[in-house]
Amino acid sequence: MMRPLLRDPTTLLPSLAEASHLRALHAHLVVSGRLASPSHLAAFLASLASSNHLSYARLVLPQRPATLLAHNAFIRALARGPRPCLAFAAFRDLPLPPDHYSLNFLVRAATALVASAAEEKHVSAEVNARLQAVSAHGAAVRWGHAADPHVQSGVLSMYAALGDVASSRAAFAEIACPDVVCVTAMVAALAAGGDVDAARDLFDGMPQRDHVAWSAMIAGYMHVGRSREALMLFDEMLSAGTTVGEATLVSVLTACAQIGTLDRGKWVHWYVRSRGMQMSIKLGTALVDMYSKCGAVVTAMEVFESMAERNVYTWTSAVSGLAMNGMGTECLQLFKRMEGAGIQPNGVSFVAVLRGCSMAGLVDEGRACFDSMDKYGVDPWPEHYGCMVDLYGRAGRLDDAISFINDMPMEPHEGVWGALLNASRIHNSVDLGKYALDKLLAIESENDAAHVQLSNIYAESQNWKGVSRVRGMMKAKGVKKVPGWSTIEVDGKVHEFYVGGRLHPRYNEIELMLAEMDRRLRLQGYTANTREVLFDIEEEEKEGAISLHSEKLALAFGLIVLPEDVEIRIVKNLRVCMDCHRYIKLVSKVFNREIVMRDRNRFHHFKGGECSCRDYW
DNA sequence: CTAGGGTTAG
């Protein structure tokens with residue numbers, strides 16, 4: 001008669017916040033005799049623990065003959081809860097010797113502890129997590145359960161979460177016959193430790209691979225930013241006919257976002273819909289992120305609005321998408337909506353909204369956001385200070401930027417000086433630029449971008465001596481400039497262009513188009529601004545170099561091969577230089593094309609001779 | 001009653 005109520009106390013309890021309801025349910029379980037059954041007791045305890053009724057659970061637990069089933073369920077619930085350290089206390093208080101289940105859950109608790117410590121960036125928490133992790137492994141050995149396959153795979157990923165691949169390796173070597181799960185865990189551990197090639201060797205040697213193994217290897221490439229290989233492996237996975245799960249698609253979308261390949265990203269979106277796959281929070285978030293990072297911010301927001309459920313990652317992803325696409329006002333509005341929806345912003349959310357405010361020159365609003373971090377219990381990271389300096393500096397309030405730096409409770413990190421340097425460039429403040437560079441170089445003496453920035457400041461003020469001095473400095477210190485490259489996607493294929501390079505098979509056509517572009521731009525009164533460019537390349541390449549910045553090559557190629565009604569989408573690894581920016585604005589007008597360019601920091605949407613960044617970047 | 005892969009910034 002009362003069966004329906006008892007079916008699943010796990011889903012029932014969270015809605016019963018009231019203690020009287022709790023006691024009623026408890027009484028009900030007792031009277032009906034259900035609580036005498038170890039599995040019902042275990043389920044009841046688990047739901048108590050996971051719905052934050054810990055003290056109640058602790059009252060219930062010792063009142064009957066102890067079973068490992070019940071205690072293990074309790075430990076498991078604690079391990080998955082907000083405070084995994086509680087699982088250790090429960091493990092210590094076990095009235096019976098632990099079995100392999102207990103140890104498995106203990107190891108999970110340690111992993112969760114490590115993960116949360118890493119997220120909080122708290123040093124003492126990390127040290128503590130490390131100790132707990134080692135002690136969990138020790139307990140598994142001491143109680144004779146270290147050879148249980150569930151415990152083994154758990155231990156491997158636990159050490160991986162700690163960043164201790166050596167221990168993962170050692171533990172893996174102990175396993176006589178590792179099963180698919182353990183090998184997959186080891187593949188992931190090696191990749192997380194940066195040794196993707198070792199991970200790939202292990203993966204290639206696997207006697208059988210299921211979709212999780214494929215997924216782990218694809219994600220492994222993503223961990224080290226080798227997104228092209230991730231996509232290539234995904235193609236192999238498709239040809240192998242393996243089932244494609246949601247997790248795989250999330251990694252694939254991350255790869256698309258990183259490369260900026262909108263066509264493949266759209267294909268994934270289509271794949272999800274055509275298979276009728278359910279749109280989970282993670283998948284939806286990955287889609288929002290992919291569309292944002294491919295410059296399709298409108299579609300990103302459509303996906304965002306269509307999602308049934310969103311968490312702080314989803315919101316932050318959308319806020320950040322608006323910020324990087326230069327939609328500062330919308331970004332701030334969305335952040336406010338997020339607060340209104342009762343979502344607690346975290347450190348990343350604040351980085352995103354502060355960047356958005358910076359883009360739109362919303363200085364006071366940004367300041368208010370920064371000040372509100374305290375209210376949410378978010379400790380500012382160095383990045384947040386960097387954003388604030390950028391916010392003031394970009395708006396031309398250099399004095400405010402400086403006094404903000406002086407009031408910092410910590411030593412300014414390189415990002416802070418970098419922001420000040422950039423502000424000095426925008427507002428032509430030579431002295432401040434020099435000062436910021438000095439500070440920056442004291443921290444990062446070989447920062448090539450910083451040298452280039454200072455040189456640009458000198459160049460803007462026609463100080464050629466300064467330009468050559470910086471150049472000499474770089475030579476003397478052996479600072480190597482990162483070579484610039486740009487990519488453009490045509491029919492799903494990504495074409496790469498390098499600065500001054502003539503490697504593309506259709507270079508002859510590109511050269512003709514570049515000449516045509518120059519001709520038509522000159523008719524509009526364009527003259528090349530050689531100041532930055534001259535510094536950017538080696539002496540012998542100077543001649544003709546203005547046409548050879550990688551983004552111009554990519555743009556010329558786009559003009560050749562893409563139809564007029566298709567926007568030209570370029571991804572560049574460095575910040576766009578002033579001359580190219582001016583050049584591309586003009587091309588967008590003269591050739592009547594929409595051009596979207598993602599540079600190192602943000603998007604530039606060019607149209608009709610204007611850029612969405614309003615010339616501040 | 002257990003296990004391996006996946007989401008936000010820089």
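Chain A is the first sequence line, chain B the second, and so forth, proteins listed ahead of strands; every chain is numbered from 1.
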From A:Thr299, A:Leu262, A:Ile259, A:Asp289, residue fulfilling side chain to side chain contact (heavy atoms under 4.5 Å, CB included) relative to A:Cys294: A:Leu262

Note: chain A reaches DNA chain B at heavy-atom distances under 4.0 Å over the stretch, first to last nt, 5' to 3', of B:dC1 to B:dG10

Close aromatic pair by centroid cut-off 6.0 Å: A:Phe335 and A:Phe350: yes

Aromatic ring proximity A:Phe105/A:Phe74, centre distance under 6.0 Å: no

Contact class for A:Ser320 vs. all strands (heavy atom < 4.0 Å): base, sugar-phosphate, or nothing? sugar-phosphate

With heavy atoms under 4.0 Å as the rule, sort A:His223 into base, sugar-phosphate or nothing. sugar-phosphate

So, does A:Asp599 use its side chain to make a donor-acceptor pair with the main chain of A:Lys572 at under 3.5 Å? no

Axial cation check for A:Trp617 ring with A:Arg355, 6.0 Å and 45° limits: no

Under 4.0 Å, heavy atoms only, any strand: does A:Asn104 hit a base, just the sugar-phosphate, or nothing? base

Quick one: label A:Ala216 by what it contacts on the DNA or RNA (base, sugar-phosphate, nothing), any heavy atom closer than 4.0 Å. sugar-phosphate

Contact class for A:Asp148 (heavy atom, under 4.0 Å): base, sugar-phosphate, or nothing? nothing

Base, sugar-phosphate alone, or nothing: which one does A:Val151 contact when heavy atoms must sit under 4.0 Å apart? nothing

Mind checking if A:Ala188 touches a base, just sugar-phosphate, or nothing, with heavy atoms under 4.0 Å? sugar-phosphate

Indicate, with a heavy-atom threshold strictly under 4.0 Å, whether A:Thr248 touches base, sugar-phosphate, or nothing. base

Distance flag, aromatic centroids of A:Phe304 and A:Tyr291, threshold under 6.0 Å: no

Please work out if A:Trp381 contacts a base, only the sugar-phosphate, or nothing of the nucleic acid, heavy-atom cut-off 4.0 Å. base

With heavy atoms under 4.0 Å as the rule, sort A:Ala219 into base, sugar-phosphate or nothing. sugar-phosphate

Within the 4.0 Å heavy-atom criterion, would you say A:Gln152 contacts the bases, only the backbone, or no part of the nucleic acid? nothing

Using a cut-off of 4.0 Å on non-hydrogen atoms, how would the nucleic acid contact of A:Asn601 be classed: base, sugar-phosphate, or nothing? nothing

State whether a side-chain donor-acceptor pair under 3.5 Å links A:Thr285 with A:Thr314. yes

